[in-house]
Protein chains: 4
Amino acid sequence: MAKGLNKVMLIGHLGNDPEMKVTTSGQSRVTFTLATNENFKDNNGNLQERTEWHRIVVWAKLAEICSQYLKKGRQVYVEGRLQTRSWDDPKNGEKRYTTEIVCSDMQMLGGAREQGGGTSSESSSQGYERQQSPHDYPSPPTHPSVPMLENDKDDLPF
Amino acid sequence: MAKGLNKVMLIGHLGNDPEMKVTTSGQSRVTFTLATNENFKDNNGNLQERTEWHRIVVWAKLAEICSQYLKKGRQVYVEGRLQTRSWDDPKNGEKRYTTEIVCSDMQMLGGAREQGGGTSSESSSQGYERQQSPHDYPSPPTHPSVPMLENDKDDLPF
Amino acid sequence: MAKGLNKVMLIGHLGNDPEMKVTTSGQSRVTFTLATNENFKDNNGNLQERTEWHRIVVWAKLAEICSQYLKKGRQVYVEGRLQTRSWDDPKNGEKRYTTEIVCSDMQMLGGAREQGGGTSSESSSQGYERQQSPHDYPSPPTHPSVPMLENDKDDLPF
Amino acid sequence: MAKGLNKVMLIGHLGNDPEMKVTTSGQSRVTFTLATNENFKDNNGNLQERTEWHRIVVWAKLAEICSQYLKKGRQVYVEGRLQTRSWDDPKNGEKRYTTEIVCSDMQMLGGAREQGGGTSSESSSQGYERQQSPHDYPSPPTHPSVPMLENDKDDLPF
DNA sequence: TTTT
DNA sequence: TTTT
């Protein structure tokens, strides 16, 4: 039973193919980034677009589904909870913080035909291997220097 | 018009009194931290409590309201959008990132009397007493003539 | 796996004590009504209050919890899905429709002490006092070294 | 300022083209039905699909947008609040109730190309006239015998 | 009455 | 880094 509410709901497009890892404890864990776009008026009344990037983490069976069916550019609905975890910067030992959305529900939006996602067999054949270049996301965890959590017992599914 | 969805909904308690600033452009801006508590079972099946801390930012008129009525310990509902902004670490010039919830709606929960919060006399004098007379409830279920479902197999839990 | 989204989130006060039934199939099922209050401006710009009544249905274990801890007047958060079911008016055999919220999550709000609700001694002894010490907040903003944004034009209200 | 929460969030497909009316007070008002689909396991553990139909009401500028861009089959995200309004059954004068979602935000999902929605000029050319056969929705309001609200001052935009 |  |  929860004693509060910690809920995030996003609709956006994947910025990269999902990256799957299996933790040392045998849990499937997928991460990807999600862009949400928003129009707003600036100080001069001109319409502007703002893009916000979110780091999504998915565990267990839902992780397998994400790995199998999602790819870069796909539009999805993601529901989850906010979680900020800390890690030590290996360069100087300082504490750093990263906020992620731990995903508990995911919906693929639009039809597969438009997503360029081909047949599901294709999708499933490219799940794990394709995600080698996450050198772009501004978040520490995807930098080579940032240790991923993998044994963190506090970071278990839910 | 938005082109995506970026929504956060929290129920928790303030970790500190709201801090008000007025920006150089004259905008009111309030920040506070919010703790959401959650119970979950650990690997051994034991019930654990997890507290997550969130950084809330509020602007304009809603900021004034937060500044005036909220204080440390108060339970609130906060709705907003996720925003990650970057800043340069003055120590070494490195880019750092902070994720905040930009609040667009706020509800004070519980009665003012329990919160120990400020000028609560008006609030407490009109709280929820008025809603206890649902003798005007418009739905059939309260009419004796409406059969309740009890065997409807389609209406199972979920 | 869901293929769409059907979500309702309410914060309001119970209009009556929960009514528990056990279905013929042995399932626990609780119903109650919930009032949500909203302020709005009418055509003349005067502030008005609108109360909306909702019919809540809860199943299984969560039903037992509702039955045990909730009572008329109590403030709660309810999450669920919309469901419209039909029934035959016994007077004339016409089809009628009732829309309910099938509750999948519930949070008691405010402290038990204010709610006048039952066995609240444990609850009140551990309520929200524990969350007032955010001295472990992991976020930069509480560190003196983190500059706040104040002039960022992109960070205007919304 | 609201004093509670009354929020509905749906992702589904339109069951019919939006129907536009202009109220006697000059307000634009659009209605359509939305189907949300859900998979669930029945008592025997078999995967079943459940479809829930929702009645959506949109006012003012957002109504115009819905009228112009949405059509039957289109996938959308709808956010709004629950509202149950009553009307008198003309056959026998009995009070009847209809629950609707008063929409405050709408997002078109998937690309227009997949929706078969053609160019926006086509869409806009068919907005108002095409919706003559709503004789299907199980809700009273669309039956010829059910008076639509049009002058109800309580049912103003928001 | 939608969609996959 | 996404999308329209």
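Order of the sequence lines sets the chain letters (A, B, ...), proteins ahead of strands, with each chain counted from 1.
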**Q** In whole Å, what is the span from the OH atom of Y77(D) to the P atom of dT4(F)?
**A** 20 Å
**Q** Using whole Å, report how far CD of Q75(D) lies from C1' of dT2(E).
**A** 10 Å
**Q** With the side chain of K72(A) defined as its heavy atoms from C-beta on, choose the nearest nucleotide among dT3(E), dT3(F), dT1(F).
**A** dT1(F)
**Q** Could you state the CD-P distance from E49(D) to dT4(E), rounded to the nearest angstrom?
**A** 11 Å
**Q** How many Å lie between CD on Q107(D) and C1' on dT2(F), as a whole number?
**A** 15 Å
**Q** How close or far is atom P of dT3(E) from atom NZ of K71(D), stated in whole angstroms?
**A** 11 Å
**Q** Would you find a donor on one side and an acceptor on the other, under 3.5 Å apart, between the side chain of N16(D) and the backbone of T33(D)?
**A** yes
**Q** For the side chain of T51(D), counting heavy atoms from C-beta on, which of dT3(E), dT2(E), dT2(F) is nearest?
**A** dT2(E)
**Q** Run the side-chain contact (heavy atoms from CB on, under 4.5 Å) check on Y97(B) and R85(B) step by step: do they pass?
**A** CA-CA 6 Å; Y97(B) 301 92; R85(B) 61 186 177 82; over 6 Å; no
**Q** Without decimals, in angstroms, what is the distance between E52(D) CD and dT1(E) C1'?
**A** 13 Å
**Q** According to salt bridge (Lys or Arg N to Asp or Glu O under 4.0 Å), who are the partners of E52(A), at least two apart in sequence or on a separate chain?
**A** none
**Q** Side chain of H13(D) only, please: which of dT1(E), dT4(E), dT3(E) is the nearest?
**A** dT3(E)
**Q** Among dT1(E), dT4(E), dT1(F), which is the nearest nucleotide to the side chain of W53(D)?
**A** dT1(E)
**Q** Can you figure out which of dT2(E), dT1(F), dT3(F) approaches the side chain of N16(A) most closely?
**A** dT1(F)
**Q** Is any NZ, NE, NH1 or NH2 atom of the basic residue among E38(D) and K3(C) found under 4.0 Å from an Asp or Glu carboxylate oxygen of the other?
**A** no
**Q** What is the distance, rounded to the nearest whole Å, between atom CG of L70(D) and atom P of dT1(E)?
**A** 20 Å
**Q** Over how many whole Å does the gap from L109(D) atom CG to dT2(F) atom P extend?
**A** 20 Å
**Q** What are the two closest heavy atoms between M9(D) and L5(C), and how far apart are they?
**A** O-CG, 3.7 Å
**Q** Between dT2(F), dT4(E), dT4(F), which nucleotide has the shortest distance from any of its atoms to the side chain of K3(B)?
**A** dT4(F)
